[in-house]
Amino acid sequence: MINDYQNYDYLDIIVKKDSADEIALWYGRLLWSEYQRKEDKLYNDIVHVSFSRPHKIPNKDRLQLLQVYYENILNEKAYKSKDKHAKSEALIVTTVVLSIVLLLGLGALVFLVKNLFAYLGAGLLFGLLCVGVACSFKAIKKLRKKENLNFEKLCAKYNDEIGKIMDEISILTEGKLDEKKES
């Protein structure tokens with residue numbers, strides 16, 4: 001395809017396949033028209049979406065600024081989504097590593113010292129290790145619920161911000177979307 005840069009602006013984005021339709025809809029509200037969608041060559045869940053729109057449109061500067069705000073919110077939401085369970089995952093890794101270290105220490109105690117006190121101490125430490133792991137995973141479960149709740153609140157905030165942006169876009173593009181649908 002030969003691009004007409006004198007009369008049109010072009011935009012290429014890379015998005016997750018499951019959110020491509022929704023994002024294309026939002027860009028459509030910014031008067032962008034999708035003209036191509038390609039699968040990514042490396043990743044199954046990624047698509048490349050290409051858009052165009054007339055170069056001369058009313059309120060273009062404000063629409064571009066709102067587009068930047070929208071993209072920043074999407075990027076921040078994706079970043080937060082990726083790290084929403086960071087604390088609980090760190091606690092899981094710490095618990096597993098400490099458990100392995102303690103089990104190796106218990107094994108060394110039992111096989112190297114070889115007396116009654118070593119066996120009793122190893123048994124007691126093993127019991128404490130089991131209780132500690134159980135308490136840790138209970139705390140992890142509680143922390144995971146808290147992280148999910150915090151992320152849901154954050155998503156609601158992001159959705160409110162996107163809603164405000166889209167309300168302003170609707171005002172700025174009033175009538176333009178209807179013309180676009182007719183053509």
Side-chain angles (χ1 to χ4, degrees), residues 11-30 32 34 37-51 64-113 118-170:
L11 174 70
D12 295 315
I13 62 171
I14 301 169
V15 296
K16 292 279 191 181
K17 193 181 285 187
D18 59 351
S19 62
D21 290 332
E22 178 185 354
I23 289 176
L25 175 72
W26 290 117
Y27 276 97
R29 292 180 178 175
L30 288 159
W32 290 100
E34 180 181 340
R37 191 179 291 205
K38 294 187 299 190
E39 300 278 327
D40 190 82
K41 293 178 182 172
L42 293 175
Y43 302 103
N44 296 356
D45 63 339
I46 300 286
V47 292
H48 298 256
V49 185
S50 299
F51 297 94
Q64 284 182 290
L65 181 62
L66 292 172
Q67 178 179 327
V68 169
Y69 292 160
Y70 171 67
E71 290 169 347
N72 283 339
I73 292 169
L74 287 182
N75 290 335
E76 192 174 325
K77 188 176 177 180
Y79 178 76
K80 297 287 185 181
S81 173
K82 182 180 66 91
D83 292 336
K84 72 179 177 181
H85 293 123
K87 291 178 183 176
S88 59
E89 289 170 356
L91 189 54
I92 290 170
V93 169
T94 303
T95 300
V96 169
V97 169
L98 284 176
S99 297
I100 290 171
V101 168
L102 284 174
L103 284 173
L104 291 173
L106 289 174
L109 183 66
V110 168
F111 292 113
L112 296 178
V113 176
Y119 296 138
L120 290 174
L124 179 65
L125 287 176
F126 182 74
L128 290 173
L129 174 65
C130 291
V131 169
V133 167
C135 290
S136 179
F137 279 105
K138 187 176 180 181
I140 290 167
K141 186 177 178 181
K142 185 184 274 189
L143 181 59
R144 186 62 68 115
K145 285 181 182 178
K146 183 178 177 184
E147 288 171 331
N148 287 334
L149 184 63
N150 287 342
F151 184 71
E152 286 175 19
K153 288 178 184 176
L154 197 58
C155 283
K157 180 185 136 212
Y158 289 141
N159 291 338
D160 286 346
E161 290 175 15
I162 289 172
K164 289 175 186 174
I165 290 170
M166 290 305 153
D167 289 343
E168 185 173 347
I169 289 170
S170 295

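Please read all numbers here as calculations on a predicted model, not as lab measurements. Count residues from 1 along the sequence.
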Colleague: Any chance you could measure Leu143, atom CG, to Ile140, atom CD1, to the nearest 0.5 Å?
Modeller: 8.0 Å

Colleague: Hey, can you pull the donor-acceptor pairs under 3.5 Å for the side chains in residues 83-109, sequence neighbours left out?
Modeller:
residue	atom	partner	partner atom	Å
His85	NE2	Asn148	OD1	2.6
Ser88	OG	His85	O	3.1
Ser88	OG	Arg144	NE	2.9
Ser88	OG	Arg144	NH2	3.3
Ser88	OG	Glu147	OE1	2.7
Thr94	OG1	Ala90	O	2.8
Thr95	OG1	Leu91	O	2.8
Thr95	OG1	Ser136	OG	2.5
Ser99	OG	Thr95	O	2.7

Colleague: Val47 versus Lys38: any side-chain heavy-atom pair under 4.5 Å?
Modeller: no

Colleague: Quick one, Glu161 and Lys157 - any side-chain contact, counting heavy atoms below 4.5 Å?
Modeller: yes

Colleague: May I ask you to check whether over 12 heavy atoms, not counting those of Phe126, lie within 6.0 Å of atom CZ?
Modeller: no

Colleague: With side-chain contact (heavy atoms from CB on, under 4.5 Å) as the criterion, how do Leu120 and Leu124 come out once you've worked through the C-alpha distance, each side chain's angles and the decisive distance to 0.1 Å?
Modeller: CA-CA 6 Å; Leu120 290 174; Leu124 179 65; over 6 Å; no

Colleague: Taking only residues two or more places apart in sequence, or in another chain, which ones meet Asp45 in a salt bridge (Lys or Arg N to Asp or Glu O under 4.0 Å)?
Modeller: Lys16

Colleague: Hey, what do you get for CD1 (Ile46) to CG (Asp18), rounding to the nearest 0.5 Å?
Modeller: 9.0 Å

Colleague: A quick test of your reading: do over 12 heavy atoms of other residues, nucleotides or ligands sit less than 6.0 Å from CG of Asn44?
Modeller: no

Colleague: When you check the gap from the basic side-chain N to the acidic O, do Asp21 and Arg37 get nearer than 4.0 Å?
Modeller: yes

Colleague: Indicate yes or no: at least one non-hydrogen side-chain atom of Ile23 is less than 4.5 angstrom from one of Ile13.
Modeller: yes

Colleague: Are Ile169 and Met166 packed together at the side-chain level, in the sense that at least one heavy-atom pair is separated by less than 4.5 angstrom?
Modeller: yes

Colleague: Indicate every side-chain donor-acceptor pair of residues 64-76 with a distance under 3.5 Å to a residue at least two apart or in another chain.
Modeller:
residue	atom	partner	partner atom	Å
Gln67	OE1	Trp32	NE1	2.9
Gln67	NE2	Glu71	OE2	3.1
Glu71	OE2	Tyr27	OH	2.5
Asn72	ND2	Val68	O	3.4
Asn75	ND2	Glu71	O	3.3
Glu76	OE2	Tyr158	OH	2.7

Colleague: Within the structure provided, determine whether Cys155 and Lys77 are in side-chain contact (heavy-atom separation under 4.5 Å).
Modeller: yes

